[in-house]
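Below you'll find the structure, written out as structure tokens, and then a few comments.
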Amino acid sequence: MLRCLPKVPDFIIPFQSLALPAFHISSVSHCLHKNIELNSPCPTDLSDYIVLLQQCTSRKSLWDLRRTHLHMHKSGFPHLSLGNKLIQSYLKCGSIEDASNLFDEMPQRHVVTWNSMISAYVCHGLSGEAIGLFERMCLENVFADEFTFSIVFKAFSDMGLVHGGRKAHGLLVVLGLEVSDAFVGSGLVDMYAKFGRLRDARLVCDRVVEKDVVLLTALIVGCTQHGENGEALEVFRGMIVKEIKANDFTFASILIACGVLGDRRSGMQIHGLMVKSGYDYVVACRTSLVTMYSKCGSIDDSLKVFERCPGANLVTWTALITGLVQNGREESSLLMFKQMVGKSLSPNAFTLSSVLRACSVLAMYEQGQQIHCIVLKTGLHGERYVGAALIDMYGKCGSIGMARLVFDSLDKCGVVLINSMINSYAQSGYGKGAVELFDHMQKSGIEPNDATFLSVLSACSNAGLVEEGCRIFSSLQRNSKLDPSTDHYACVVDLLGRAGRLEEAENLIKQVEEPDAVLWRTLLSACRIHGKVEMARRVMTRVLELDQGNEGAHVLLSNIFASAGEWSEVSNMKITMKDMKLKKSPGMSWIKVDREVHTFTAGDPSHPRATEINEELERLREKIETLGYVPDVRFVLQDLNEEDKKRSLYYHSEKIAIAFGLLSYKHNNTCIRIFKNLRVCGDCHNWIKYVSKVSEREIIARDAKRFHHFTDGMCSCGDHW
DNA sequence: GTAGGGTTAG
């Protein structure tokens with residue numbers, strides 16, 4: 001039937017390219033063949049068609065529009081302004097395809113028609129096509145006007161084409177058009193700001209005579225996106241002074257600046273202004289408020305804002321969940337996440353990386369796995385941030401195998417993902433894995449950054465890979481692009497110190513221009529391992545010069561004296577610490593059994609199953625002593641007799657937690673995962689090795705610094721921690 | 001005979 005239609009005049013869209021569904025085509029043909037009229041009275045002149053097109057667009061009926069189009073071509077109306085009107089009607093009805101086909105067929109086009117098409121492409125996120133059309137327009141010697149430029153600058157900024165954008169600016173000047181137009185100005189300011197050329201953005205902004213809210217908001221956004229938050233606030237204040245009223249876009253952006261600056265005072269003032277202006281019901285503004293308060297550390301205010309936000313969308317939920325994680329409310333963040341999913345909102349990459357972070361911090365392995373399932377279901381496993389968060393989560397839960405599995409499943413491995421993986425190896429004490437990956441990345445031509453060096457050096461120090469660590473550190477010193485930071489030095493000091501090369505470690509600290517308390521404390525910790533009392537006294541004075549109230553250093557020194565049996569020094573230290581109001585945090589271990597967390601302190605008799613636990617501890621003691629376990633009383637830091645020292649060791653919190661774990665999972669051969677707030681003591685470490693052998697169980701202990709994986713009498717740290 | 005600016009992260 002289509003083949004029977006008359007030849008289409010040139011300026012009208014070819015009939016075949018209308019791509020109508022089959023029944024539409026037959027009805028159109030039917031209309032045409034039977035001469036069924038479109039409307040009554042039948043359009044006869046230009047104004048009739050204009051009215052008809054207006055009717056189609058107001059009803060947004062693409063079908064009627066196409067019918068009218070056909071009628072026009074049948075009646076032979078090749079009028080330029082009508083063609084343009086038709087293109088705009090197609091765009092208003094949402095069919096960029098019809099508009100574009102018609103545009104290509106037109107023998108003549110007005111600049112307005114070019115503008116409409118370019119603008120439609122930009123609005124549909126097709127900035128590449130918009131730029132193509134702009135270039136075609138220039139080649140065809142059509143003079144672009146202010147309107148054209150106000151749109152193409154956005155297209156260039158969307159595509160990140162700095163050079164092209166600057167060329168377009170040049171052309172604007174050559175054509176003698178004015179930057180001072182607020183529309184052109186805001187397009188340019190936005191483009192330069194997004195390219196990070198804030199100076200250019202400000203220069204353009206200064207030239208605009210009649211500054212309006214959109215122009216200044218574009219500048220504010222540019223400032224916030226490039227870390228110039230103070231400047232953003234200045235622009236905002238200037239705006240208020242000039243009595244240019246801020247709108248929802250302005251408020252949503254400026255609140256972010258207050259959050260990043262941690263300027264709660266300004267944030268609250270702006271919140272007040274926003275309420276007065278009536279924009280506090282705009283969801284984007286509320287979302288920014290949630291972020292602002294959470295970044296200022298007032299997460300309870302974020303919660304209040306959120307509670308009164310009935311239209312909360314995915315971004316609002318994500319802002320709150322992320323805020324909760326950043327404010328140490330990981331458990332609440334997971335509850336909120338559950339509520340969000342219950343409302344049938346599907347999480348995005350931002351939401352998922354935040355909740356995965358919550359699982360990492362809490363070392364919640366099962367929940368982490370559940371979220372991994374959601375990641376797979378939502379198809380977001382390829383997202384960089386999600387991948388990094390997954391590797392980090394598995395690493396922090398001690399599942400190095402799963403971390404590697406996720407790592408290997410990712411297509412593109414950038415430096416951030418490699419860092420996450422190396423860091424996971426470091427925390428679990430797989431130094432070799434970390435060094436291998438580090439060497440491999442360099443062979444594949446990926447440049448390590450400062451975080452990579454930090455992770456791989458800490459991996460070496462955790463695994464006692466002294467020579468490897470020194471080799472990597474000297475390669476960092478030779479690296480022309482990176483400078484070793486005090487953190488890098490601290491890793492190497494730790495590495496040398498733990499290996500007993502204390503003088504070398506001390507000399508290394510002396511090479512640092514401004515050594516901090518952390519560096520000296522690291523050396524102090526090495527003195528503790530190697531019982532170097534005299535050196536410890538000297539190092540302690542350095543620590544105190546830089547950080548008087550360093551609680552950790554006081555505890556360390558006190559433990560050094562205790563190990564050396566200098567009990568009078570120990571009691572002196574206790575008095576000093578009491579005077580300085582420094583408290584030693586009590587050692588604590590916990591284990592999760594059936595969704596419940598059980599916490600234990602040393603010698604804790606309060607658990608309902610305390611008797612059973614003691615019996616289990618006794619059974620374990622008998623079994624492991626036959627294998628050769630001897631309690632190491634050097635780790636008892638109290639002045640007791642030998643027998644009491646031995647007894648005090650039996651009831652260390654990590655031992656109680658493991659005994660409870662073995663009792664709870666008696667009939668279930670799962671791995672026992674325990675957590676400790678301080679570092680595992682040497683005797684407990686040895687004890688757990690024996691227990692893993694006699695119980696034939698895998699035991700994972702996460703202490704304040706790292707993971708220990710115990711299997712068959714061995715630990716992944718190779719006794720280096 | 002048409003338009004420019006916003007919110008979430010490791």
Side-chain angles (χ1 to χ4, degrees), chain A residues 50 80-81 84-85 87-88 91-92 110-120 122-123 145-155 157 181-191 193-194 201 205 208 212-222 224-225 246-257 259 279 282-292 294-295 309 312-323 325-326 340 347-357 360-361 383-393 395-396 414-417 419-420 423 451:
Chain A
I50 288 174
L80 178 65
S81 67
N84 183 48
K85 196 84 185 154
I87 280 192
Q88 272 154 23
L91 293 175
K92 276 183 185 159
H110 196 274
V111 62
V112 177
T113 319
W114 287 93
N115 287 349
S116 304
M117 281 310 299
I118 295 174
S119 153
V122 174
C123 287
D145 61 9
E146 270 104 344
F147 193 94
T148 326
F149 284 102
S150 75
I151 320 157
V152 292
F153 289 139
K154 179 170 165 45
S157 86
D181 178 273
F183 282 99
V184 177
S186 51
L188 256 179
V189 165
D190 182 54
M191 181 183 82
K194 288 209 172 112
C205 188
V208 180
D212 71 356
V213 58
V214 178
L215 175 80
L216 293 173
T217 306
L219 189 59
I220 288 174
V221 172
T224 55
Q225 283 176 347
N247 64 16
D248 47 345
F249 283 69
T250 329
F251 284 119
S253 312
I254 196 64
L255 284 167
I256 297 302
Y279 286 111
V282 179
V283 178
C285 293
R286 292 228 161 184
T287 306
S288 289
L289 268 182
V290 168
T291 309
M292 184 275 289
S294 92
K295 286 225 160 92
C309 185
N313 59 19
L314 178 63
V315 182
T316 326
W317 279 92
T318 305
L320 184 72
I321 289 168
T322 306
V325 178
Q326 286 171 341
M340 190 195 96
N348 64 12
F350 292 89
T351 334
L352 291 169
S353 50
S354 284
V355 282
L356 282 170
R357 162 125 194 89
S360 308
V361 174
E383 292 275 330
R384 264 184 329 134
Y385 286 107
V386 176
L390 272 172
I391 295 170
D392 189 54
M393 182 275 290
K396 289 218 166 67
V415 66
V416 176
L417 287 170
N419 289 355
S420 304
N423 206 33

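Every chain is numbered from 1, with letters handed out A, B, ... down the list of sequences. Keep in mind that what you see is a predicted model, and the values were worked out from it rather than measured.
Residue A:Glu146 contributes atom CD, which lies 16 Å from atom P of B:dG4 at whole-angstrom precision. We find that CZ of A:Phe149 is positioned 18 Å from P of B:dA3, with the value rounded to whole Å. Following rounding to the nearest Å, A:Asp181 (CG) and B:dA3 (P) show an atom-to-atom distance of 14 Å. Across the protein-nucleic acid pair, A:Gln225 atom CD and B:dG5 atom C1' stand 10 Å apart, rounded to whole Å. As rounded to whole Å, 12 Å separates atom C1' of B:dA3 from atom CG of A:Asp212. Note: NE2 (A:His110) to P (B:dG1) measures 9 Å, nearest angstrom. Rounding to whole angstrom units, NZ of residue A:Lys92 and C1' of B:dG1 are separated by 9 Å. We find that CD1 of A:Ile151 is positioned 16 Å from P of B:dG1, with the value rounded to whole Å.
Between A:Gln88 and B:dA3 there is no side-chain polar atom (N or O) within less than 4.0 angstrom of OP1 or OP2.
Nucleic acid contact for A:Val290: none, since no nucleic acid atom lies under 4.0 Å from a heavy atom of the residue. Counting any heavy atom pair closer than 4.0 Å across all strands shown, A:Asn247 reaches a base atom. Among the atoms of the strands shown, base atoms are found under 4.0 Å from some heavy atom of A:Val213. Among the atoms of the strands shown, only primed sugar atoms or phosphate atoms (P, OP1, OP2) are found under 4.0 Å from some heavy atom of A:Asp190. As judged by a 4.0 angstrom heavy-atom cut-off over every strand, A:Glu383 is placed among residues making no nucleic acid contact.
For the atom pair A:Phe249 CZ and A:Tyr279 OH, the distance stands at 10.0 Å (nearest 0.5 Å).
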Less than 3.5 Å apart, which donor and acceptor atoms pair up between the side chains of residues 384-391 of chain A and the rest of the protein, not counting sequence neighbours?
none

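Closest approach to the A:Phe249 side chain among B:dT7, B:dT2, B:dG5 is made by B:dG5 (side chain taken as heavy atoms from C-beta onward).
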Hey, what are the protein-to-nucleotides 8-10 of chain B N/O distances that come in under 3.5 Å?
| from | atom 1 | to | atom 2 | distance (Å) |
| --- | --- | --- | --- | --- |
| B:dG10 | O6 | A:Tyr385 | OH | 2.8 |
| B:dG10 | N1 | A:Tyr385 | OH | 3.1 |

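With A:Arg357 as the fixed residue, the side-chain contact (heavy atoms from CB on, under 4.5 Å) test singles out one of A:Thr322, A:Val325, A:Leu352: A:Val325.
The salt bridge (charged side-chain N to carboxylate O under 4.0 Å, His left out) check on A:Lys154 picks up A:Asp158, with sequence neighbours excluded.
A:Ser288 places a side-chain N or O within donor-acceptor distance of the main-chain N or O of A:Ala252, the cut-off being under 3.5 Å.
One donor-acceptor pair, N or O on each side, does fall under 3.5 Å between the base of B:dG4 and the side chain of A:Ser186. Residue A:Asn84 places no side-chain atom within donor-acceptor reach of the base of B:dG1, judged by atom type and a 3.5 Å distance cut-off alone.
Looking at every heavy atom in both residues, A:Thr287 comes nearest to A:Ala319 through CG2-CB, 4.0 Å.
Residues A:Asn423 and A:Asp392 have side chains that never bring a donor and an acceptor to within less than 3.5 angstrom of each other.
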